[in-house]
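Notes to accompany the following structure.
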Amino acid sequence: MSVGRLPIPWTRYGGPNGQFRTPNPLPGRGLDGPVLWRRPIGPGTSGIVADRRLVAAHYSVPEGKGESGAEVVAVFDAVTGAPKWERRL
């Protein structure tokens with residue numbers, strides 16, 4: 001997962017309007033400026049949700065990594081990438 005500055009909050013599945021589109025085109029590859037941080041996560045089964053403070057992801061633990069196949073919901077600081085909360089399901 002790579003995170004840059006979001007010009008608008010992406011606080012629900014499918015983006016701000018639920019149609020996987022924004023009211024205005026996102027610049028470049030969807031990032032406004034440089035990548036702020038990267039964090040390896042497992043394969044996802046849902047979209048990333050973000051606002052200007054937090055980024056949430058739902059993913060599976062990759063094969064060969066501890067509890068492989070376990071489902072995880074994790075929340076990260078949007079600016080630093082520091083883990084804020086994690087729950088294995």
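Heavy atoms only: backbone and side chains are in, while hydrogens, waters and symmetry mates are out. Just so we're clear, the structure is a prediction, and the values are computed from it rather than from any experiment.
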Treat each ILVMFWY residue as a node, draw an edge where side-chain heavy atoms are under 4.5 Å apart, and state whether [X] and [Y] are in one component.
{"X": "Tyr59", "Y": "Trp85", "answer": "no"}
{"X": "Val72", "Y": "Ile41", "answer": "yes"}
{"X": "Ile48", "Y": "Trp37", "answer": "yes"}
{"X": "Val75", "Y": "Val79", "answer": "no"}

For Arg39 and Gly81, which heavy atoms make the closest approach, and how far apart are they?
NH2-O, 2.7 Å
Can you confirm whether Arg88 is buried at CZ, in the sense that more than 12 heavy atoms of other residues, nucleotides or ligands lie under 6.0 Å from that atom?
yes
